[in-house]
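Because only heavy atoms are used, hydrogens play no part in the values below, and waters and symmetry mates are left out as well, while side chains stay in. As the structure is a prediction and not an experimental result, all values here were calculated from the model. Note that ligands are numbered from 1 as they come in the structure, with each ligand's atoms numbered from 1 the same way.
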Amino acid sequence: MDPRIEKIRQLLNELDVETANAPKGDAGFSALELPDIIGEIVDDLQPILTAYDAAFYWFLFRHSIAKDGNPQIRVSRSSLRRAVVKSSYTNAAENNISIGKVQDTLHALEEIGAIQKLGEPNRQGTLYRVLIPDEIEACRKFRAERIAEETALFPINNKGQHERRMQVFERDGYKCRHCEKQLTRFTATTDYVKSPQEGGDESAENLLTTCADCNSRSRENAS
Ligand SMILES: [Zn+2]
């Protein structure tokens, strides 16, 4: 083949990867958030995954969000056969997992909503976006059940401000109550139904989940 064509092909591939990796309204995650996100994964995602799903999720997480804050990652199925985890079905020296198992596991993670396929495969693999528990409906459901059990034991009024805010986010499903935008515990803020000036208190009933935009807008209107 003409080496110039090969060169052009290579450049096109590089461009493809660059465009795919450019954030599309994805703010990315900061290193300060990592300990909280890891805590959430252990508390609210791992319990609803199989051992293979969990190993794959941690691998993808480690090479995306935990590497540089970018939730997007391109992976090839063949490299995942040996890079992630040993097969538990064979004692052979060469105990890579099968390509079928890789496929099934990626598919299972997609079904749960832990990863999202962003495009069709190319020579470097397939582009995925790794989601964190706040963005995964199944995790929010699992957490709500867990917290409901805890709340029965420890009534909400005894909780501190941080827990009360979390309770409000849980109740509202991490969605802005004004514009319906899906938020995470890192982007969600709380706003008053009735402001303190009007006699509103800090109870969960008087708090709403809002995005930062709607929150500052309502503050401007109030002043
Ligand atoms: Zn909003």
Side-chain angles (χ1 to χ4, degrees), residues 19-41 43-45 48 57 61 64-66 68-73 109-119 127-148 150-151 156-157 159-223:
T19 351
N21 284 338
K24 293 179 196 121
D26 255 337
F29 297 95
S30 91
L32 290 175
E33 295 168 351
L34 267 185
D36 279 338
I37 297 175
I38 290 169
E40 280 186 355
I41 295 171
D43 291 347
D44 301 320
L45 178 60
I48 60 173
Y57 180 85
F61 178 83
S64 57
I65 294 166
D68 55 13
N70 183 348
Q72 299 187 2
I73 177 173
L109 286 173
E110 273 188 87
E111 290 276 291
I112 291 163
I115 60 173
Q116 235 169 39
K117 203 196 255 184
L118 293 182
L127 187 67
Y128 287 96
R129 183 181 188 282
V130 179
L131 289 93
I132 63 167
D134 280 355
E135 301 173 305
I136 304 168
E137 206 192 330
C139 293
R140 293 201 300 267
K141 196 164 159 261
F142 182 82
R143 186 193 299 148
E145 287 163 10
R146 188 164 59 72
I147 287 179
E150 285 168 11
T151 309
I156 189 167
N157 292 338
K159 293 192 171 183
Q161 196 196 9
H162 172 74
E163 277 134 319
R164 207 157 44 228
R165 276 163 47 95
M166 293 306 295
Q167 198 89 32
V168 170
F169 298 157
E170 293 294 337
R171 181 198 63 199
D172 296 340
Y174 290 82
K175 276 205 177 115
C176 175
R177 291 275 297 266
H178 297 306
C179 71
E180 300 277 294
K181 187 175 172 189
Q182 182 66 59
L183 307 164
T184 70
R185 77 169 68 180
F186 307 108
T187 54
T189 62
T190 54
D191 198 5
Y192 295 107
V193 177
K194 205 174 172 189
S195 73
Q197 291 93 319
E198 300 169 310
D201 60 13
E202 296 283 333
S203 68
E205 293 72 42
N206 192 45
L207 293 171
L208 294 175
T209 304
T210 54
C211 70
D213 287 343
C214 290
N215 198 336
S216 63
R217 214 167 295 140
S218 93
R219 244 161 243 196
E220 275 164 30
N221 292 343
S223 58

Query - CZ-OG1 distance between F169 and T187, expressed to the nearest 0.5 angstrom - result: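 Going from CZ on F169 over to OG1 on T187, the span is 8.5 Å.
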Report task. Could you list the residues that satisfy ring-ring contact (aromatic ring centres under 6.0 Å, His included) with Y57, not counting sequence neighbours? Result -> none
**Report entry** Main-chain N/O of R140 paired with D44 side-chain donor or acceptor, under 3.5 Å
**Finding:** no
Query raised in the report: Going by the salt bridge (charged side-chain N to carboxylate O under 4.0 Å, His left out) test, which pairs reach into residues 165-175, not counting sequence neighbours?
Result: R143-E170, D172-R177
**Report entry** Metal environment of the Zn ion (ligand 1), protein N/O/S under 2.8 Å
**Finding:**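 You should have found C176 SG, C179 SG, C211 SG, C214 SG.
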Requested in this report: Check the surroundings of atom CD in Q182: do more than 12 heavy atoms from other residues, nucleotides or ligands lie under 6.0 Å from it?
Outcome: yes
Query raised in the report: Can you name the side-chain hydrogen bond (donor to acceptor under 3.5 Å, both in side chains) partners of E198, sequence neighbours left out?
Result: S195
